[in-house]
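Here is the structure we will look at, set down as structure tokens.
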Amino acid sequence: MTQHYDVIVAGGGSGGVAAAIGASRAGARTLLIERGPCLGGAATLRNVVTYCGLYTRDDKQQAVFGVADEVITALREMGAISEPTRFTAVAAVFDPESVKRVSDELCAQAGVDVLLHTHVLGADREADRVTAVRVADHSGIHEFTAKAFVDATGEADLAHHAGAEVRYGNDGWVQNGTLGVRFGGIPAGAEVTREAIGAAVRAAKKAGAPDLTAESGLIARMPISGDLITYLADEGYDARSAADTTRAEIGARRQAQAYLQVVRSLPGCGGAYIVSTGPEMGTRESRHLVGRYRFTEKEVLQPGPVDDAVAIGAWPIEYHPGPGIPSEWKFIGDPGFYGIPLDVLHSRDTPNLFAAGRTVDGDRGAGASLRAMGTAFATGHAAGVAAAFTAAGGDAGTEAVRAELNRQGARLPE
């Protein structure tokens, strides 16, 4: 494998996969680095099996296309994704094993070099530009150089190591995380709605059951298996700290066992069991790359013109203020989606560095919308194309990036 690339993408989740594919299709020799054993990020490593942000809330219209559309089309052909389903907002539930395979195939078809089991350890900087990234695998430490970079790590690890300007959370606030817990052994006809589980949790708490935090959260049946996915086991922690994240994950797994007893108390569900937890916490917020522009809550709730947008967001503001505290929802105004400018993804002090996914620059409210995986596909696709153009030394402005994204099927609205 070569040691030099045009574009290096760190992080193989929705944003990173879309960034790598977008960059490669724009002509850049591209390397995608992922610390885990598979691509997909939260979709495959954290039991977050709902694509949020692909569809508008009121009319269930698809708003994000491009790489995201290719993923959901492939999953649909495999019978591995639900139709758009209204929960508090609209999401599609999918089978994570199928996401792994689809991600592998799309990256291979695009000509992306992929390194799994590879941890980012550090980065080099010359003047105002990132020049190299250092990684570790079981054979040792390696260095790769590139002309442009995309940080899709979720924790903005690459930006942090490269000395780019980052911040943790927003104004002292950081959303809590939740451990996705998947339950099997539940009959198809069993009543396992959010309302039924919420009532059972409250009854268990009243009876003195320990280790139960949230009383409500997204509850859904998964395609193929029919298993039940739940987002109830909440923890607050600093995602930058291995020690604090360890504490949180141990606590959340203890909660998972308590929620199993709740599920078993529902009629017909006495044989329920835990299929899987996580295995990692579903982190909603950590570091943000400080961009050339910080997207605001007002721009989410009152969408303006989208002629300068390189990505589309359609997930409402869903803020989780703390473990067991009900989430705060605020909904997008007409037309049900908003445009995201390129400067939100572009580092303020490092011209060859871009962000994708929940690392992008949004304030407290906007960040609680931008973080969704459906939106991460969109910001990643845009960041990858912009990085490719930056690496080539050509026009990496909004108009050129929009044109290439549309050539790749992003279907950005005028």
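All residue numbers refer to positions in the sequence shown, counting from 1. Everything numeric here is computed off the predicted structure, so don't read it as measured data. Basis for what follows: all heavy atoms, side chains included, without hydrogens, waters or symmetry-related copies.
- Side chain of Thr50 to main chain of Ala91: no donor-acceptor pair is present (N/O by atom type, distance under 3.5 Å, no hydrogens or angles).
- Counting heavy atoms of neighbouring residues, nucleotides and ligands inside a 6.0 Å radius, atom CG of Leu121 exceeds 12 of them.
- Under the rule for a salt bridge (Lys or Arg N to Asp or Glu O under 4.0 Å), Glu285 has no partner lying at least two apart in sequence or in another chain.
- In this structure the side chain of Leu75 reaches within 4.5 angstrom of the side chain of Val99, judged on heavy atoms.
- Remark: Ala400 engages Phe389, Asp395 in a side-chain contact (heavy atoms from CB on, under 4.5 Å) (not counting sequence neighbours).
- Qualifying salt bridge (Lys or Arg N to Asp or Glu O under 4.0 Å) partners for Arg46, counting only residues two or more places apart in sequence or in other chains: Glu280.
- Without hydrogens or angle criteria, Asp137 side chain to Gly140 main chain gives a donor-acceptor distance under 3.5 Å.
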Donor-acceptor contacts under 3.5 Å from residues 180-188 side chains, at least two apart:
| residue | atom | partner | partner atom | Å |
| --- | --- | --- | --- | --- |
| Arg182 | NE | Asp227 | OD2 | 2.9 |
| Arg182 | NH2 | Ser225 | OG | 3.4 |
| Arg182 | NH2 | Asp227 | OD2 | 3.2 |

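- Side-chain atoms of Arg194 never come within 3.5 Å of backbone atoms of Ile219 as a donor-acceptor pair (strictly under, hydrogens ignored).
- Residue pairs meeting the ring pair (Phe, Tyr, Trp, His ring centres under 6.0 Å) criterion with at least one member in residues 62-107, sequence neighbours excluded: Tyr51-Phe94.
- Sorted by first and then second residue, the side-chain hydrogen bond (donor to acceptor under 3.5 Å, both in side chains) pairs with a member in residues 114-123 form an empty list; sequence neighbours excluded.
- The minimum heavy-atom distance linking Thr56 with Ala63 is given by the pair CG2-CB, 4.4 Å.
- For residues 204-261, there are no ring pair (Phe, Tyr, Trp, His ring centres under 6.0 Å) pairs, not counting sequence neighbours.
- With hydrogens and angles ignored, the 3.5 Å screen pairs no side-chain donor or acceptor of Glu191 with any backbone N or O of Pro267.
- Put simply, CG on Leu232 and CG on Leu218 are 9.5 Å apart, with the number rounded to the nearest 0.5 Å.
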Side chain to side chain donor-acceptor pair (under 3.5 Å) assessment of Ser98 paired with Asp95: CA-CA 6 Å; Ser98 300; Asp95 169 58; 2.7 Å; yes
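- One finds a salt bridge joining Lys100 and Glu97 here, because a Lys/Arg side-chain nitrogen approaches an Asp/Glu carboxylate oxygen to under 4.0 Å.
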For side-chain contact (heavy atoms from CB on, under 4.5 Å), just list the numbers for Asn176 and Arg284, CA-CA rounded to whole Å, side-chain angles, deciding distance to a tenth of an Å, and then say yes or no. CA-CA 7 Å; Asn176 67 273; Arg284 294 185 175 92; 3.6 Å; yes
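- Residue pairs meeting the side-chain hydrogen bond (donor to acceptor under 3.5 Å, both in side chains) criterion with at least one partner in residues 356-365, sequence neighbours excluded, are Glu155-Arg358, Arg167-Asp361, Arg294-Asp361.
- Residues meeting the salt bridge (Lys or Arg N to Asp or Glu O under 4.0 Å) test with Glu195, sequence neighbours left out: none.
- In the displayed structure, Trp329 atom CH2 is contacted under 6.0 Å by more than 12 heavy atoms of other residues, nucleotides or ligands.
- Of the possible donor and acceptor atoms, one in the side chain of Thr85 sits under 3.5 Å from a partner among the backbone N and O of Glu83.
- Listed by chain and number, the residues in a side-chain contact (heavy atoms from CB on, under 4.5 Å) with Asp58 amount to none (sequence neighbours excluded).
- In terms of modelled atom types and a separation under 3.5 Å, the side chain of Asn352 and the main chain of Ala391 share no donor-acceptor contact.
- Remark: of the listed residues Arg348, Arg292, Arg287, Arg348 is the sole one forming a salt bridge (charged side-chain N to carboxylate O under 4.0 Å, His left out) with Glu165.
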Would Thr73 and Glu70 satisfy side-chain contact (heavy atoms from CB on, under 4.5 Å), going step by step from the backbone distance to the final call? CA-CA 5 Å; Thr73 296; Glu70 295 178 52; 5.7 Å; no
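- Not a single donor-acceptor pair under 3.5 Å links the side chain of Arg35 to the backbone N or O of Gly11.
- Here CD of Glu235 is found 10.5 Å from CZ of Arg253. Values are rounded to the nearest 0.5 Å.
- Side chain of Thr245 to backbone of Ser241: a donor-acceptor contact under 3.5 angstrom is found.
- Residues in residues 281-306 take part in these ring pair (Phe, Tyr, Trp, His ring centres under 6.0 Å) pairs, two or more places apart or across chains: Phe295-Tyr338.
- Between the side chain of Thr283 and the backbone N or O of Ala239, no donor-acceptor pair lies under 3.5 Å.
- When atom types are taken as modelled, the side chain of Arg402 and the backbone of Val310 share no donor-acceptor pair closer than 3.5 angstrom.
- Residue pairs meeting the ring pair (Phe, Tyr, Trp, His ring centres under 6.0 Å) criterion with at least one partner in residues 351-374, sequence neighbours excluded, are His346-Phe354.
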